[in-house]
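Naming: A, B, ... by sequence-line order, numbering from 1 per chain. Worth saying up front: this structure is predicted, and the values here are computed from it rather than measured.
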Amino acid sequence: MSEYSITIGTLIAIQAIVACGLNVIVGYAGQISLGHAAFFGIGAYASALLTTAGGLSFWSALPIVLGITGLIGLFLGLPSLRLREDFLAITTIGINFIVVSVFQYVPFFGGALGIGGIPRIVLFGERIRGVSFLLLSAGFLAITLLICWLFTRSWSGLACFALREDETAASSMGVSPVRFKLTAFILGTAMAGLGGALYAHFMRFISATDFGFPMSVMILSMVVLGGMGTLWGPVLGALVLGILPEVFRPLTDYRMFLYAALLLLMIRFQPGGLLGENSLARQTLSRLKGGKS
Amino acid sequence: MQLFLEQMLNGIAIGAIYAMITLGLALVYGILRILHVAHAAVYTVGAYIGLAIFSATHSILLSAAGAMVFCAGLGFLIERFVYFPLLKYPPYVPLIGSIACLLAIEELCRLAAGPYILSFPAQLPFPSFTVGGIVISSTLTAVYCISAGVLALLWFITTRTELGLAMRATSQDMAIASSMGINSHRIISLTFMIGSAVAAIAGILVGIYYNQVYPSMGAVPAYKTLALIVVGGLGSVPGAVLASILLGVGETLLIGYAGIPLPRDALAFIAMIAVLLWRPQGLLGGRG
Amino acid sequence: MLLEVRDLRIAYGDIEAVHGVSFSVEEGELVSIIGANGAGKSSILNAIMGLVPSRSGSIRFKTAEISRMAAHERARAGIRLVPERARVFPRLTVMENLRVGLYGIHDRSREEKQLEWLYSLFPILAERSGQNAATLSGGEQQQLAIARALISDPRLLLVDEVSMGLMPKLVEEVFTVLQELNRQKGLTILLVEQNALASLEISKRSYVLETGRIQFEGESRVLKDDPRIREAYLGL
Amino acid sequence: MDEALLSLREISMHFGGLKALDKVSFDLREGEILGLIGPNGAGKTTCFNTVSGVYRPTSGEIRFRGTRTDGLPPHRMAALGIGRTFQIVRPFPNLTVLENVIVAAGLNCYGKLIPSCRPWKGRKTREEAMEILARVGLDSQAEQKAGLLPLGNLRRLELARALALKPHLLLLDESFSGLRHEEIAQQEELVRKTRESGISILLIEHNMRVAMGLCDRLVVLDHGMKLAEGKPESIRNNPEVIRAYLGKGGSANAS
Amino acid sequence: MRGFRVFAAVLVILCLSIGVASAAETIKIGMLAPLTGFAAADGASALNSVKIAVDQVNGQGGVLGKKIQLIVYDDRADAKEAVALAYKLIEQDKIAAFVAGSYSLPTRAVAPIFQEEKIPLVAAYAIHPDVTKAGEYCFRNGFLGTVEGKAAAYTAHKLLNAKTVALLTSDNDFGRTLVEGFKMYQAKYGKDMKIVYEQAYPFSEKDFKPYLSKIKEANPDVIFASGYYFQTGPLLKQARELGIKSKILGEEGADSPKLAEIAGEAAEGFYIVTNFDRDDPRPVVQNFLKEYRKRYKIEPDMVGASAYDAFMIIVDAMRKTKTYSNPTAIRMAISKTTNFDGLTGIIKGFTHIGEVVKPVQVQVVKNGLFRRFGVVDDPELIRP
């Protein structure tokens, strides 16, 4: 396996983790968030600062990183309690822009120079790079997926589903909208924080522009394309959107156009996602099974 | 005092430019409840088409007319083939479609016209003034006159014509409007076309004002205008105009006096969140 | 026959609200469809107007089949609706609301006359003509909705639950206006009402609807004393 | 008075200038089926929503089993033992019928951190939910997506969900509207059985045949005010009620 | 459904059309440049210039009898993509050396990779200090921000005789280090030159009137306005519209033929410190100018010139060591470069950390074109 494909694979795994986090918020709890990259960035910056300026190791910094992102997620999840859908959508975009400009213009965060010299992750005395980093990311992705899976099987998860489907009905079943929306926000943003921490130690150099709104759109597209609310959807979405640009690579000049056009076509003709209800994949699958759908 | 006045004049001009771009978005949101991010792409295309026609004919009037027609068509196509089929899905689906549209059109512009910044060397036939030591350049005069003209025209259309009445009725209650004989499909398309035509003018104006036209010129307006329509009250056109001008002035004064090197987009969103906390329906929003 | 509905079925998703109703309205008639709420009355009117698709059945207006026409085409053919809860355009002025009713009709001379007539019918609207419709009271909004439908001189007026939520005195006034329109101007009206007695009072014929089916029909004079009405309403 | 399970005292609800409810008071006794009726726009649903916690009344007091509940959010009401159904059915469409019921069965887990992390796919929960589904006759559709059920089954599903809360009081909001005759009969039977199991019921109903047949007592609202209260027979013959329903008539032919 | 089928068909065709480029016996030199996205103009400029360089070298029979094959990928100025592509260049394309034709962000991200893989990297115009700090395999042909900042201060102080200056800085990595360099010079040599106004502006800024109005009040002799041509262009125009008479000095970011197009009349008399002298009579410069104008019908800029040199430095090193396959030798040769006759000036050599040592050019706009104004070659100033 070449370093090139390892790099692509690692980035896909990291983005899949972040997409899983967004899926918890959007897919499981039904709350719109268009600024997820902000939390990806918060995680990356937190880990970068803790391991460079703070002198911690990746492993001792990680719980703090998750705590910080989860806490900020909780704080920024508060608007979801009182804002209507469209307002919430735009507010989350705004949060993304604001967080990025804080990174960019506050000297504490390295300003426009970003943060460099982020140490490698050390595991069992071994500096993690190349294949091991891919395996580590895949491991974290597996843990993330496991948590997602456990979450969907927990009462909290069920409560979130109920909220997503019908908030009024859910609250009349004893589900507190405040509590579980915020639970989803904390969980989802902590996952983004995990992805961010991995990203920082993989790239070993981060700057604010990595976490701008286009990244949020990319992550949301992964979730929507893969199939919102499904366990594997975000992973599939990350795979498709991670590999497509590489497939188009030889077409240099036309690559981004084709990518955008494909995204448009996919959302136009499979708005429910590749693994969602009534998707081509599901239909084919059920046809193959031959059973009634 | 002179400095302050200069800052104000400049801020209002910037606000007027914002308003021209935001208008179309507010119109579209009012009628379809869609966050039409791709509006910024229409604006970019407007600048390019305007420049192309201008280079060929050296007539700014022809250039504006051509760009307006072209963009109206583009707006119509986006509405018909992207938004209309996606209306029944949750709002993030058309939003992603819209963003994909924006990217695709930006790339098309780059492929068609090259990645370089093109200059838009048109001279607008407007005079410049010097009043009490304050210079009002001809471009500034042009921005004032044209945006005032466009706003007045739009105001006239929406409040004084049957079409405008139908647009407003459709945005308030589409079903009842259609039961009054209004073809709401057509009205929606017309709304898109009008908004897109205004975006074309904005594109040309910005192109001339900064003398540059380039593929990603819509990137910043695309999202900033979202903040502006929220501040104005989602769907409220006068609100959007007011918010744009306030932001233009506010930004200018803040930068001029406080010297904060915050990017303007973040400033717009901070203002938006402040407004949401204080008045969740926006400055001139109707429904709370 | 101005309006003829045959075997109309209306469904929302999987739920069928109207299970095949047939009725007709003749030119110049005032016909009412009465029934307790939830019987499907509004669905029928909305289907005639074209705001709700019908699942099956035919709707003929002036001999033309209109059940596949768009709402605005039906409106232009001369059908107007006074919707349930008025549904005036809240952020248009009273005057503008009325003007929407004239959309597509370009006869300025008639506009003045119509306005004058409507203002004499509902003087309060003249007083409030510059106000946003949202600021009107429920009764005023209802009057505005009627005026908005009347201004285009429709061939058929569909009236949906005008009495709902109105004070009894206002209900009376509104019904009187409808009756006058029918008697003096010969306007054809299809009225859908919960208020059975008032509707029977002013209409010529009535259909009694219960859970999506027409249970019985007849001359309103006769039905007024029919015990089955009370039964349909009060579950006797 | 003491035996009142639910009591409303002078409840008023204003929306801007509109008085949707004007000083409405009534009691619901333990084990009773109380019907809330009235013509369209009379304020029934508003009244219902103040009881279920959707609205905080402008003034007045609501007590449930002695504790004051006005202003509590719906999920707290559920925890206190009030279950409800909706006039326009609100299933969780993408969950299965069984899952819909299980949501309600988690009532005791939602409030605390540790229990809310436990899995809900346990056998015991499932069996309990299946039992409730069997009671309403939906056990055969347990694995179907709720969004695909016909209306009659959805109404029963809502009832099942409310029952899974193990409530003391059940609020039924037009649980019969849109049903066919035979379905109405089944649903009536279900409601009766529910009451027999010891659950008190407050229902809004516009189908008078059902309300008259099912309820022990009726409260009639008109224009936001209580018009009458009493046994079905007395309500049926109350001239004011008749006028509220059928309208006054008679004076419309002034010309 | 029909729409979907069309979409699927398009997808299949696209996948099939991606052929595998097979290579003959050539020397492969890799390059990353932002060919799409917001930085596409600079990417195109860099690529266009390097293409000329490749053709010139191959026209002379190549290097050591072998043709050079340039392998370019588009990194969209994105660090993530650049990292993956760096590996692709190293593993799949097996390049011998690398021309970093992109911005600081991606270049900074890939530098450690080339260092680790021991492949020489020459950065064309990326300015972040960390690029060369990655190790001994990483070189930079562009100026460090501090060097150019010092040169700018010298220009303002000595060449323009400024007693007061205003600093209006693009708030990105380059702008910041420029100001740093400017102040370093001022603190050491320019005590008699006062900084009367200092302000950073965000990268996305297009409207400078709020800043300029304040500067007008301060009325400095020279305004040092850093930023790219799409920022400096409107800035010049707006400054002159406001009636500001101060001399305005920019930096290499403004070095683009587009600047005069954008600023028009207002560009006249605008100074820049940069990395390219168009009035240099040496044949390497004049040949390049002729060829570039002929091919692309546009004026070349600093970005292109720097990329050209970055490529040529590598070629020169290969020729000197007579090897194209020994990266260590190539690296050594680059580090020993002396008095190389480069497009961007006579390159005196590289410092031990890989920073270029060469004069900084000062240009002024005359009749819409950049012309020579002066050179800053004081070794004190140009040595990083």
Side-chain angles (χ1 to χ4, degrees), chain A residues 23-24 26-30 70 74 81-82 146-184 186-187 227-231 233 272-273 275-279 282 286 291-293, chain D residues 49 52-54 72-86 88-96 98-122 125 145-148 154 157-158 161-167 171 173:
Chain A
N23 191 33
V24 171
V26 184
Y28 294 165
L74 165 78
L81 302 177
R82 55 177 296 211
L146 180 70
I147 292 174
C148 283
W149 182 74
L150 286 174
F151 183 71
T152 58
R153 296 175 63 89
S154 77
W155 286 105
S156 295
L158 188 64
C160 284
F161 293 162
L163 279 178
R164 171 192 73 195
E165 301 283 312
D166 193 315
E167 192 172 324
T168 312
S171 63
S172 80
M173 314 278 94
V175 174
S176 158
V178 179
R179 188 188 181 100
F180 289 103
K181 276 186 194 175
L182 291 184
T183 305
I186 294 172
L187 194 62
M228 194 170 268
T230 58
L231 184 65
L275 289 181
E277 290 286 309
N278 302 321
S279 65
R282 286 269 163 112
S286 64
K292 55 178 180 171
S293 60
Chain D
N49 280 336
S52 62
V54 175
L72 288 185
H75 67 273
R76 296 282 307 279
M77 304 296 263
L80 283 173
I82 299 181
R84 72 164 295 185
T85 67
F86 296 89
I88 297 158
V89 284
R90 287 173 166 273
F92 306 125
N94 289 313
L95 303 186
T96 67
L98 183 67
E99 286 164 348
N100 263 268
V101 175
I102 293 179
V103 169
L107 181 66
N108 295 320
C109 301
Y110 295 137
K112 292 158 234 139
L113 184 62
I114 305 288
S116 70
C117 293
R118 290 209 191 104
W120 53 272
K121 289 198 167 164
T125 327
K145 283 240 155 102
L148 302 176
L154 284 179
L157 173 61
E158 289 220 330
R161 280 197 316 199
L163 288 176
L165 293 169
K166 305 200 177 76
L171 308 177
D173 192 352

Can you list the steps and then say if D:Leu154 with D:Phe86 is a side chain to side chain contact (heavy atoms under 4.5 Å, CB included)? CA-CA 10 Å; D:Leu154 284 179; D:Phe86 296 89; over 6 Å; no
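- Only the backbone of D:Pro115 comes within contact range of chain A, judged by heavy atoms closer than 4.5 Å.
- Proximity to chain A is limited to the side chain of D:Thr125, based on heavy atoms less than 4.5 angstrom apart.
- Of the listed residues (D:Glu158, D:Arg118, D:Arg84), the one with the most heavy-atom contacts under 4.5 Å to chain A is D:Arg118.
- Contact of D:Leu80 with chain A is not made at all, since no heavy-atom distance falls under 4.5 Å.
- Every residue two or more places apart in sequence or in another chain was checked for a ring pair (Phe, Tyr, Trp, His ring centres under 6.0 Å) with D:Phe92, and none qualifies.
- Interface residue D:Leu95: backbone and side-chain heavy atoms are both found under 4.5 Å from chain A.
- Ranking A:Pro177, A:Ala162, A:Gly157, A:Ala170 against chain D, the residue ahead of the rest is A:Ala162, based on heavy-atom pairs under 4.5 Å.
- Within the 4.5 angstrom heavy-atom criterion, only backbone atoms of A:Thr152 (N, CA, C, O) approach chain D.
- Interface summary for chain A: among D:Pro93, D:Ala162, D:Ala104, the most heavy-atom pairs under 4.5 angstrom belong to D:Pro93.
- Neither the backbone nor the side chain of D:Pro73 has a heavy atom closer than 4.5 Å to any heavy atom of chain A.
- With contacts defined as side-chain heavy-atom distances shorter than 4.5 Å, the pair A:Val24/A:Ile147 does not qualify.
- Under a cut-off of 6.0 angstrom, the local environment of CZ in A:Arg179 is crowded, with over 12 non-hydrogen atoms contributed by other residues, nucleotides or ligands.
- Using a 4.5 Å cut-off between heavy atoms, A:Phe151 does not touch chain D at all.
- Counting only residues at least two apart or on different chains, the ring pair (Phe, Tyr, Trp, His ring centres under 6.0 Å) pairs with a member in residues 158-177 of chain A are A:Tyr28-A:Phe161.
- Two residues are said to be in side-chain contact when any heavy atoms from C-beta on lie closer than 4.5 Å; D:Asp173 and D:Ile88 fail this criterion.
- A heavy-atom distance below 4.5 Å is not found between the side chains of D:Asn108 and A:Trp155.
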